[in-house]
Asks: 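Just dropping this structure here.
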Amino acid sequence: MNDASNEEVKMAQPLLSVRDLKVAFKTDKVANEVLHGVDLDVYPGETVAIVGESGSGKSTMMHAVINLLPGTGRITNGSVQWNGRELVGIHRRDMESIRGREIGLVPQDPMSNLNPVWSVGFQVEEAVRANGLATGKKAVHARAVEVLEQAGLQDAEKRMRQYPHQFSGGMKQRALISIGLAANPQLLIADEPTSALDVTVQRVVLDHLAKLTGDLGTAVVFITHDLGLAAERAEKLVVMYRGNIVESGPSREILQNPQHPYTKRLVSAAPSLASRRIGSSADLPPAPTSTFDVASIAEAAESGKEIGRPVIEVEGLRKVYQLRRGNFGHEDFVAVEGATFTINRGETLALVGESGSGKSTIAKMVLQLEAPTAGSIRIDGKETAKLSRSELFKLRSKLQPVFQDPYGSLDPLRNIGNTIMEPLNIHRVGDHASRKERVLELLDQVALPRELATRYPNELSGGQRQRVAVARGLALKPEILVLDEAVSALDVLVQAQILDLLAELQRDLGLTYLFITHDLAVVRLIADRVCVMNAGRIVEQATTDEVFENPQEEYTQRLLDAIPGRSIELGGAEAADHVPHQASTPSDAGPVGPTTHDPEAHAPRAFPNRSFEIGGGG
């Protein structure tokens, strides 16, 4: 009886209790406060989702909890209680004993958290050893394979020998998830854990997290921009804006009856399976800038859209990689087999499928970054394999990429202005003044404040870095854009704005898009036609409406069924008559509207030379 009573008391006490937490970053010897006294409780077995636009302070709050604030970031006030123990001011060695074993972390950035010179298996085994989960070479190896399989990685035994550059973005994210879950921690902080994952693997990973919660009492804090995931998987939702918590309560109640104006904006901007393609006709009104409401700019038919002649023709494409086997041997791995499709001028073709299905490999071959093993690629009727170096250089000016991984594709030693300007410099477009003006124009287009031109990638949040990647891809005003998961890391407000921007550019300039994504709701908004890929092959190819309304393949239907929150009806812009949850408007939150204030951007200024000049690394 006493044991049962003690257990009830223990369950009634929060695992994590945050009170009046304030965080500041020192910038030019001035403390800039980015968290303004936030409160949060997480109970054993509870799942909490923290949502908000990029730079709202979501990651900053949870990194402060485990003392992983970057550079000059400091907790200036407040309390962080873990199992009744104060963590603010704790000794570094004591915190290291808590991280990993008691509080696990799945970081947002897969590239900077996986060492490129070590195999993935070695790094997972390292985490297993560090947390004391197994001893002996065989036991450690077996546990490493087990946690990779739990995170949804197929052929885990074989993949252990591969290196991070041989993994797709989703596979790298799964490796990080396996490391975070390895010690079965009491609390798992998952920072955008499924943003790089296809929907079927999302379900595997999220089902595993739910099983942990039920079996072990593991609490989970999701930091996410996926409102469907938040509604389906989290019991409690916390909405952050400009370093404040503006609304909190039961997830479904908040998303179906949002009270705060900012929460209403988030909900109205979320893409859904019910959405239709963003219109391309010139008479279509633009999305309202106050809400970026995707639904308001969707149309049921594409009668005004004009499709031109074929601009990209892919036929019988095949790509085989050689994987190391033992000390001297190797084996063939077929990444793409027999891919055939055509993209017409002014059209958007979406490649969808699970992580590792070959989508990004096709993108690299179209961009001439990888050579096909067999098959042909024709762009504007010319066989790319037969182009000379000068012809290939000319082609690149009208064929531009937006890469999946902004962490790996942005030079850490080059500021944002020079990063966006780089294509203009290489192709000698305009003079110094016109290039600089073009960079500022692009920052405006992707909703980034102009002052970020002098900052560096490590000073930006994940979503902000993705916006920089989009801006760089648009710099040359290309005719063809290859977008590899270009909006997967973006919060729904910026995602809606970028999708609207892409539709507007396509309408005005007749651009052609090869759009690679695992987010099927986004596909419905942006694509004219869809190719569904599975294990390197295109298994279904049809118009977007045909694929969504009448899928022919069981695999396609499984992708649709696995979308988080697809059965949950989100609320609209109108407020509910009742207030079933807490909605607050802090006096220092400022007006709700498009913001240029980005708390997560105020990281240390690591480089003294902040000039925004042509050709300079700084």
Asks: Does V147 reach the side chain of L181, with side-chain heavy atoms less than 4.5 Å apart?
Replies: no
Asks: Working to the nearest 0.5 angstrom, can you tell me the gap between L255 CG and E247 CD?
Replies: 9.0 Å
Asks: Write down the atom of A230, the atom of A49, and the distance for their closest heavy-atom approach.
Replies: CB-CB, 3.8 Å
Asks: Test your reading of the model: is there a side-chain donor-acceptor pair from Q123 to the backbone of N115, 3.5 Å cut-off?
Replies: yes
Asks: Which atoms form the tightest heavy-atom contact between V88 and G78, and what is the distance?
Replies: CG2-O, 4.0 Å
Asks: side-chain contact (heavy atoms from CB on, under 4.5 Å) between L442 and V446: does it pass, once the steps are laid out?
Replies: CA-CA 6 Å; L442 287 162; V446 297; 5.8 Å; no
Asks: Counting distance only, does the side-chain N/O of E459 pair as donor-acceptor with the main-chain N or O of Y456 below 3.5 Å?
Replies: yes
Asks: I need the L153 CG to M171 CE distance, nearest 0.5 Å.
Replies: 5.5 Å
Asks: If you define the side chain from C-beta out and look only at heavy atoms, does anything of L68 sit under 4.5 Å from L105?
Replies: yes
Asks: Rounded to the nearest 0.5 Å, what separates atom CD1 in I103 from atom CD1 in I98?
Replies: 6.0 Å
Asks: Less than 4.5 Å apart, any side-chain heavy atom of I223 and any of M61?
Replies: no
Asks: Taking all non-hydrogen atoms of both residues into account, name the closest pair between G37 and K22 and its distance.
Replies: N-CG, 3.3 Å
Asks: Quick one: does T419's side chain have a donor or acceptor within less than 3.5 Å of a partner on N415's backbone?
Replies: yes
Asks: Is any side-chain heavy atom of W82 less than 4.5 Å from a side-chain heavy atom of L16?
Replies: yes
Asks: One pair to check against side-chain contact (heavy atoms from CB on, under 4.5 Å): V65 and V18. What are the steps and the verdict?
Replies: CA-CA 8 Å; V65 166; V18 177; 4.0 Å; yes
Asks: Is any side-chain heavy atom of L21 closer than 4.5 Å to one of I75?
Replies: yes
Asks: Looking only at heavy atoms, what is the nearest atom pair of Q13 and P44, with distance?
Replies: O-CD, 3.6 Å
Asks: What do the steps show when you test L188 against V221 for side-chain contact (heavy atoms from CB on, under 4.5 Å), and what is the final call?
Replies: CA-CA 6 Å; L188 182 71; V221 174; over 6 Å; no
Asks: Does some side-chain heavy atom of E192 sit less than 4.5 Å from a side-chain heavy atom of F222?
Replies: no
Asks: Looking at side-chain heavy atoms only, is the closest gap between E126 and V128 below 4.5 Å?
Replies: no
Asks: According to the salt bridge (Lys or Arg N to Asp or Glu O under 4.0 Å) rule, which pairs have a member within residues 78-88, sequence neighbours left out?
Replies: R85-D94
Asks: For E96, which residues count as a salt bridge (charged side-chain N to carboxylate O under 4.0 Å, His left out) partner, sequence neighbours excluded?
Replies: R92
Asks: Tell me if a side-chain donor or acceptor on T218 pairs with a main-chain N or O of P185 at a distance below 3.5 Å.
Replies: yes
Asks: What's the verdict on side-chain contact (heavy atoms from CB on, under 4.5 Å) for D444 and R450, showing C-alpha distance, side-chain angles and the deciding distance?
Replies: CA-CA 7 Å; D444 291 340; R450 292 188 171 196; 2.7 Å; yes
Asks: Ignoring hydrogens and angles, tell me if any N or O in the side chain of K58 forms a donor-acceptor pair with the backbone of E53 under 3.5 Å.
Replies: yes
Asks: Would you call R74 and V23 a side-chain contact if the rule is heavy atoms closer than 4.5 Å?
Replies: no
Asks: Any sub-3.5 Å donor-acceptor pair from S17's side-chain atoms to P14's backbone N or O?
Replies: no
Asks: Which distance, rounded to the nearest 0.5 Å, do you find between the CE of M421 and the CG of L440?
Replies: 8.0 Å
Asks: Specify the closest pair of heavy atoms between A219 and Y43, including all atoms of both residues, with the distance to one decimal.
Replies: CB-O, 3.5 Å
Asks: Holding to side-chain hydrogen bond (donor to acceptor under 3.5 Å, both in side chains), I want the full list of residues that pass it with E146, two or more places apart in sequence or in another chain.
Replies: R143
Asks: Please give me the minimum heavy-atom distance between V48 and V238, naming the atom from each residue.
Replies: CG1-CG2, 4.0 Å
Asks: Keeping the roles fixed (side chain from K236, backbone from D41), state whether a donor-acceptor pair exists under 3.5 Å.
Replies: yes
Asks: Out of curiosity, L35 CG to F25 CZ, how far, rounded to the nearest 0.5 Å?
Replies: 8.5 Å
Asks: Rounded to the nearest 0.5 Å, how far apart are CE of M62 and CD1 of I50?
Replies: 5.5 Å
Asks: Donor-acceptor pair, distance only, cut-off 3.5 Å: does the side chain of N244 make one with the backbone of V246?
Replies: no
Asks: Main chain of E451, side chain of T454: is a donor-acceptor contact present, judged purely on distance under 3.5 Å?
Replies: yes
Asks: Look only at the side chain of K26 and the backbone of N32, and say whether a donor-acceptor pair between them is shorter than 3.5 Å.
Replies: no
